[in-house]
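First the structure, in the form of structure tokens, and then the observations on it.
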Number of protein chains: 2
Amino acid sequence: MSTIIGETFQSLLGRLPVTSSDRLLLEMQRAIVEGELPAGSKISEPELARKFNVSRAPLREAMARLERCHLIERIPNAGARVVKLSAEGLQALYQIREELEGLACRLAAENMDEHEIEQLRALLDQHLKSQRVREGESYYQEAGDLDFHYRIILGSKNPYLINMLCDELYFLVRMYRVQLGMNGPRVSRAFDEHKAIINAIASRDGELADLLMRRHIAASRGNIELKLQQVGKQHD
Amino acid sequence: MSTIIGETFQSLLGRLPVTSSDRLLLEMQRAIVEGELPAGSKISEPELARKFNVSRAPLREAMARLERCHLIERIPNAGARVVKLSAEGLQALYQIREELEGLACRLAAENMDEHEIEQLRALLDQHLKSQRVREGESYYQEAGDLDFHYRIILGSKNPYLINMLCDELYFLVRMYRVQLGMNGPRVSRAFDEHKAIINAIASRDGELADLLMRRHIAASRGNIELKLQQVGKQHD
DNA sequence: ATTTGCAAAATTGTCGACAATTAGTTTGGT
DNA sequence: ACCAAACTAATTGTCGACAATTTTGCAAAT
């Protein structure tokens, strides 16, 4: 089974959710990513505070952190709205992902120790097995893919990079994937790409790992853009 | 005179500081960058709230945003401290800067319109004049350099990129520069590098602009690392 | 003298109420 | 009938106080 790092500590990298606003953050991140709080909808502080049985203080703290990961947008004295998904937003997001995750790969090739690389290989083997069992079902693959990316990012050992990708950008990435229902024939191809990236990291070839990761993400973007066009046409 | 974009809207890109926490944020960003709140020192909420004549609510909101731009670090139930500067932190920060500002250059070469490029040239001319007048005085050059970088980042037209660089990372960059007293013979060389970058952007050569910017930042990092080593030796 | 445990003090997290600002509605005028 | 201005209602920003947690200081035991 995939470890699904995203669900174990998410934005609270390394520490447990001790405070009310911690729990609120997790819950609201999930609700937004999964569309329970619809994209573009207004966030009413009194309403949500009642719903979650907390006062507005921890709620506002959680909202400040939601703004940090680009899941909501706030306007002073006017309120907050859940972000809207768009083709432009996706492109802007993935431009940065390509760059930063490419860097992460290069650094991971330098900084991951043998044990971590071995764990990464084991993770991929697990995914391969579970994927064969659940042919066509996309959730595990997607979670596994994110898990894979998470580990490489952590392997870079660059705290700013880790923070920016895992804490700030990845929730949006997940939101695009979940709400646009990423799936299709890319699933099996992604495995091969992951394998190639691990090999490059294991042989300490940062330049190659960088290149492969950029291509991997570019391919993923192409796949989602296709979906976005389809959705766009439905609304015409 | 340089426009010093950083002082006009900073983290509040585009809007005015309307609320108490907005003003607090600006004030504390300045205080931390300039070392008035010393690196590594603990932040006492009651004390600062008294000092600024506000309640803890807007102060905590400002602190949440300070954490976002990596100027303070918070531990739940334990408090917040101003970040410490270190050689490792600088390296990690500049690794990301190289990557993201390289991307910004590539996008700026695609997306800046002729008018914006013309303004950028005019800015550089201004810096050249003011530098000759104030030979050796580093502040204007440094502010000018940041201003130059700001404009290119904005020229990328990528909102996430703009947010990450201008809102999150640049305060730390400024903190390193201010507290380590960036100056020296690099000042005049930086001009030539800026000029070359503009030319690449003007001729719509994104790839070259990317490369030149990476080198420019790498050179800048080398300069600061030198300073850091000197400071380190003083403490031994 | 050092360490362990407890108690007191200080700090952070949370709450409910009030003030300031904005959005919506009604009313009056053209 | 339409637009504008004032008024009302709702929402956001801020405040002071309380609860929960952590740190500090002291005392006792090894």
Side-chain angles (χ1 to χ4, degrees), chain A residues 9-29 31-32 37-38 40-68 70-84 167, chain B residues 9-29 31-32 37-38 40-68 70-84 167:
Chain A
F9 46 83
Q10 303 213 357
S11 170
L12 312 130
L13 279 172
R15 66 184 181 80
L16 295 172
V18 288
T19 168
S20 288
S21 66
D22 284 346
R23 287 187 292 274
L24 265 176
L25 175 65
L26 290 174
E27 191 57 36
M28 291 181 74
Q29 281 174 333
I32 291 175
L37 290 174
S41 64
K42 187 169 187 318
I43 297 209
S44 164
E45 293 185 8
E47 183 185 332
L48 276 185
R50 270 197 310 275
K51 180 176 174 182
F52 289 113
N53 274 321
V54 291
S55 89
R56 282 173 55 218
L59 176 65
R60 283 172 63 87
E61 172 119 11
M63 286 172 66
R65 286 151 90 184
L66 285 174
E67 187 182 21
R68 177 177 172 173
H70 309 280
L71 291 183
I72 68 173
E73 288 166 353
R74 299 173 81 184
I75 297 174
N77 286 316
R81 308 192 82 88
V82 179
V83 294
K84 285 182 187 168
D167 282 358
Chain B
F9 48 82
Q10 302 214 356
S11 170
L12 311 130
L13 278 172
R15 66 184 181 80
L16 296 173
V18 288
T19 170
S20 289
S21 66
D22 285 345
R23 288 186 292 274
L24 265 177
L25 175 66
L26 291 174
E27 190 56 35
M28 290 182 76
Q29 281 175 333
I32 292 174
L37 291 174
S41 64
K42 186 168 188 320
I43 300 218
S44 164
E45 294 184 8
E47 181 186 332
L48 275 184
R50 270 197 311 275
K51 179 176 175 182
F52 289 113
N53 274 324
V54 291
S55 89
R56 281 174 54 216
L59 175 65
R60 283 172 64 86
E61 173 119 11
M63 285 172 67
R65 288 151 89 185
L66 285 175
E67 187 182 20
R68 175 176 175 174
H70 308 279
L71 291 183
I72 67 172
E73 288 168 352
R74 299 172 82 184
I75 297 174
N77 286 315
R81 307 191 83 88
V82 178
V83 294
K84 285 182 187 166
D167 282 357

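Computed from a predicted structure; not experimentally measured. Letters A, B, ... are given to chains in the order of the sequence lines, protein chains preceding strands, and every chain is numbered from 1. The figures here come from the full heavy-atom set of this structure, side chains too, leaving out hydrogens, waters and symmetry mates.
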Quick one: which protein N/O atoms are closer than 3.5 Å to N/O atoms of nucleotides 19-24 of chain C? Pair and distance per line, please.
none

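- The separation between A/Leu16 atom CG and D/dT21 atom P is 14 Å, rounded to whole Å.
- As judged by a 4.0 angstrom heavy-atom cut-off over every strand, B/Ile43 is placed among residues touching the sugar-phosphate backbone only.
- Considering OG of A/Ser20 and CG of A/Leu25, their distance stands at 12.5 Å, rounded to 0.5 Å.
- For A/Ala80, the side chain to side chain contact (heavy atoms under 4.5 Å, CB included) partners are A/Ile43, A/Met63, A/Ile72, A/Arg74, not counting sequence neighbours.
- Remark: A/Glu27 CD to A/Ile32 CD1 distance equals 11.0 Å, nearest 0.5 Å.
- Rounded to an integer number of Å, the gap from CZ of B/Arg74 to P of D/dT21 is 17 Å.
- With respect to A/Asp167 and A/Arg65, no salt bridge is recorded, no charged nitrogen being found less than 4.0 Å from a carboxylate O.
- In this structure, A/Glu47 places its CD atom 15 Å from C1' of D/dT12, rounding to the nearest Å.
- Between B/Lys42 and the phosphate of C/dT12, there is a side-chain N or O to OP1/OP2 separation shorter than 4.0 Å.
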Item checked: Evaluation steps, side chain to side chain contact (heavy atoms under 4.5 Å, CB included), between B/Met28 and B/Leu48 -> CA-CA 10 Å; B/Met28 290 182 76; B/Leu48 275 184; 3.6 Å; yes
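- The CZ atom of A/Arg60 lies 8.0 Å from the OG atom of B/Ser21; values are rounded to the nearest 0.5 Å.
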Listed pairs, N/O of protein and of nucleotides 14-16 of chain D, under 3.5 Å:
from   : atom 1 : to      : atom 2 : distance (Å)
D/dT14 : OP1    : B/Thr19 : OG1    : 2.5
D/dT14 : OP1    : B/Ser20 : N      : 2.5
D/dT14 : OP1    : B/Ser20 : OG     : 3.0
D/dT14 : OP2    : B/Thr19 : OG1    : 3.1
D/dC15 : OP2    : B/Ser55 : N      : 2.7
D/dC15 : OP2    : B/Ser55 : OG     : 3.1

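- The CD atom of B/Glu47 lies 9.5 Å from the NZ atom of B/Lys42; values are rounded to the nearest 0.5 Å.
- The nearest whole Å value for the distance from the CG atom in A/Leu24 to the C1' atom in C/dG13 is 13 Å.
- Residue A/Arg50 contributes atom CZ, which lies 12 Å from atom C1' of D/dA10 at whole-angstrom precision.
- Checked by atom type and distance alone, the side chain of B/Arg81 never pairs as donor or acceptor with a backbone atom of B/Glu73 at under 3.5 Å.
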